Each structure stands twice: as structure tokens, then as C-alpha cells.
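Everything quoted here is computed from the prediction, not taken from an experiment.
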Amino acid sequence: MRVGLYAGTFDPVTYGHLDIFRRSATLVDRLVIGVAINTEKQPLFDLHERVDLISHELESMNPKLAISTIVYPFENLLVDCAKEVEASIIIRGLRAVSDFEFEFQMVGMNRVLNNSIETVFLMADARNQAISSKLVKEIARLDGDVSQFVSKNVQIELNRKFNQDRTSN
């Protein structure tokens with residue numbers, strides 16, 4: 001069984017991420033969505049909320065994916081997470097050439113740490129190349145329309161988060 005790991009902070013999960021979920025599902029028998037606990041990034045959504053948002057998106061996608069998917073929070077090295085979930089493939093999404101330089105370095109380090117795990121890059125669909133979680137949060141924070149970038153459920157949660165912030169200030 002080929003197990004693939006697609007990891008990120010997913011703060012929040014976007015249409016770009018969902019596109020990579022769908023396309024990854026054609027490469028593996030089981031897809032693990034690794035939700036990184038990265039306190040340095042100071043996420044808008046806590047770990048539980050990000051896991052719930054991804055799980056909700058996967059529920060609606062699963063009939064189309066036709067493979068087993070799990071959402072797996074982790075706080076260790078990516079290669080160690082891959083080993084824990086028995087993944088032989090790490091899947092990384094690329095939006096632009098600038099993403100490649102960082103990812104290229106990460107692959108090199110991961111190969112030194114565990115050379116039995118392959119990394120596969122999927123280029124973002126042209127419609128999703130401009131989408132980043134950081135920009136989506138900024139648009140939502142400024143009360144802009146993020147419906148082109150995230151699902152209705154994620155939109156609702158973004159609005160809830162930023163409306164809480166507005167009422168508490």
C-alpha cells in the first residue's frame with residue numbers, strides 16, 4: 001500500500017490545498033494530511049480548529065477521492081511524521097518558482113535524515129497559484145470577499161474569528 005503524506009499548517013485550508021488533496025489521491029492508496037503544530041507561525045486557528053476544518057472538507061471530498069484519508073496532527077520532523085504514518089511519499093505543493101528553492105533544500109535535508117522516503121512536487125493549478133493562507137487571512141481580516149479562495153465553511157469560520165476580534169477590541 002502506497003501511503004502519501006501531505007503536510008502543512010493549513011491556516012486555513014484553501015482551494016489550493018484541496019486541489020493538492022484531490023490530485024494526491026490519484027498517486028497513493030492512502031493519503032495522510034499532516035497538520036503541523038508550529039507555534040512560531042502563530043496560527044489564527046488552533047490545532048483542533050484546523051483539524052476540524054480539514055476533516056469537514058475531506059468528508060465532502062471522500063466519495064470522489066475513493067481512497068482512505070486521515071488527518072494527523074504532528075509536532076516533530078516531517079520525516080519522523082512520515083515514518084509514524086508509514087508514508088513512503090511526501091507530497092509538496094508548489095505555487096511559484098520561489099517555493100521551489102525552499103522545498104529543494106528541505107528535500108535534501110529530508111533525504112539525509114531518511115533516504116527511503118521520496119518527495120513528489122505537484123504544481124498548483126493555474127487558478128490556485130495566487131492563493132496563500134496568509135493572503136486569505138489578510139483579505140478576511142479586512143472584511144474582503146474570500147469566496148474565490150476557500151469553501152463556504154472556511155469562510156464562515158474566518159468571519160467568526162475576525163468578528164470575535166472586532167467585538168473584543
Side-chain angles (χ1 to χ4, degrees), residues 1-39 41-76 78 81-82 84-96 99 103 119-165:
M1 177 188 289
R2 288 174 314 197
V3 178
L5 170 63
Y6 176 42
T9 51
F10 305 109
D11 184 46
V13 61
T14 68
Y15 284 147
H17 297 128
L18 299 181
D19 176 53
I20 299 295
F21 292 177
R22 269 190 287 282
R23 291 169 48 214
S24 297
T26 66
L27 303 174
V28 296
D29 303 304
R30 185 161 132 217
L31 179 62
V32 178
I33 308 300
V35 184
I37 301 168
N38 187 342
T39 54
K41 284 195 173 184
Q42 299 177 341
L44 175 65
F45 293 98
D46 67 29
L47 177 65
H48 179 73
E49 291 169 322
R50 288 182 283 139
V51 167
D52 284 350
L53 287 170
I54 293 167
S55 296
H56 182 271
E57 298 302 325
L58 285 173
E59 281 176 29
S60 62
M61 292 174 72
N62 265 341
K64 296 173 199 150
L65 295 180
I67 65 165
S68 167
T69 58
I70 63 167
V71 182
Y72 187 84
F74 73 101
E75 191 174 19
N76 51 349
L78 184 58
C81 176
E84 287 171 7
V85 299
E86 300 178 350
S88 58
I89 301 169
I90 293 173
I91 299 158
R92 303 296 296 168
L94 297 175
R95 290 173 297 159
D99 290 344
E103 295 294 342
T119 300
V120 174
F121 294 108
L122 295 177
M123 290 301 302
D125 182 275
R127 294 169 295 194
N128 298 318
Q129 286 179 354
I131 302 174
S132 77
S133 294
K134 181 179 179 180
L135 292 176
V136 167
K137 287 185 288 193
E138 185 66 7
I139 293 166
R141 185 181 70 79
L142 297 171
D143 209 22
D145 179 11
V146 295
S147 62
Q148 305 173 74
F149 313 119
V150 297
S151 71
K152 187 68 173 170
N153 185 57
V154 173
Q155 248 184 295
I156 290 167
E157 292 305 312
L158 279 165
N159 289 335
R160 184 183 60 76
K161 278 284 187 185
F162 288 117
N163 284 333
Q164 281 177 350
D165 288 349

Drop me the distance from [X]'s [atom1] to [Y]'s [atom2], to the nearest 0.5 angstrom.
X	Y	atom1	atom2	value
S147	Y15	OG	OH	7.5 Å
D11	L44	CG	CG	5.5 Å
L94	Q129	CG	CD	10.0 Å
Q42	T9	CD	OG1	12.5 Å
F21	I67	CZ	CD1	11.0 Å
L78	L5	CG	CG	5.5 Å

Exercise. Run the salt bridge (Lys or Arg N to Asp or Glu O under 4.0 Å) check on R160 and E49 step by step: do they pass?
Worked result: CA-CA 12 Å; R160 184 183 60 76; E49 291 169 322; 3.3 Å; yes
Under 3.5 Å, is there a donor on one side chain and an acceptor on the other for [X] and [Y]?
X	Y	answer
N153	S151	no
D52	H48	yes
Y72	E84	yes

[Y] and [X], any side-chain heavy atoms less than 4.5 Å apart:
X	Y	result
M61	T69	no
V35	V71	yes
V120	L27	yes
V136	E138	no
D145	I139	no
L122	I91	yes

If only atom types and distance count, is the side chain of [X] paired as donor or acceptor with the main-chain N or O of [Y] below 3.5 Å?
X	Y	result
R50	F10	no
H17	T14	yes
S133	P12	yes
R95	I131	yes
R92	A7	yes

Tell me the closest heavy-atom pair linking [X] and [Y], and the distance in Å.
X	Y	result
G4	A87	C-CB, 4.3 Å
G93	I20	CA-CD1, 4.2 Å
L31	S24	CD1-CB, 3.9 Å
V154	V150	CG1-CB, 3.7 Å

Problem set entry | Neighbour count above 12 (heavy atom, 6.0 Å) for R127 CZ |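 No, not enclosed.
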Problem set entry | Atom CD of E86 with >12 non-hydrogen neighbours under 6.0 angstrom |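 Atom CD in E86 is not packed in, count stays at 12 or less.
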Problem set entry | Contacts of R23 that satisfy salt bridge (Lys or Arg N to Asp or Glu O under 4.0 Å) - sequence neighbours left out |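 For R23, the residues satisfying salt bridge (Lys or Arg N to Asp or Glu O under 4.0 Å) (neighbours in sequence not counted) are D19.
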Problem set entry | Residues which pass side-chain contact (heavy atoms from CB on, under 4.5 Å) with K152, listed by chain and number, not counting sequence neighbours |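 Result, side-chain contact (heavy atoms from CB on, under 4.5 Å) vs K152: Q155, I156.
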For this session: Sequence neighbours left out, what passes ring pair (Phe, Tyr, Trp, His ring centres under 6.0 Å) with F121? Give chain and number order.
Result: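 Partners of F121 under the ring pair (Phe, Tyr, Trp, His ring centres under 6.0 Å) test: F100.
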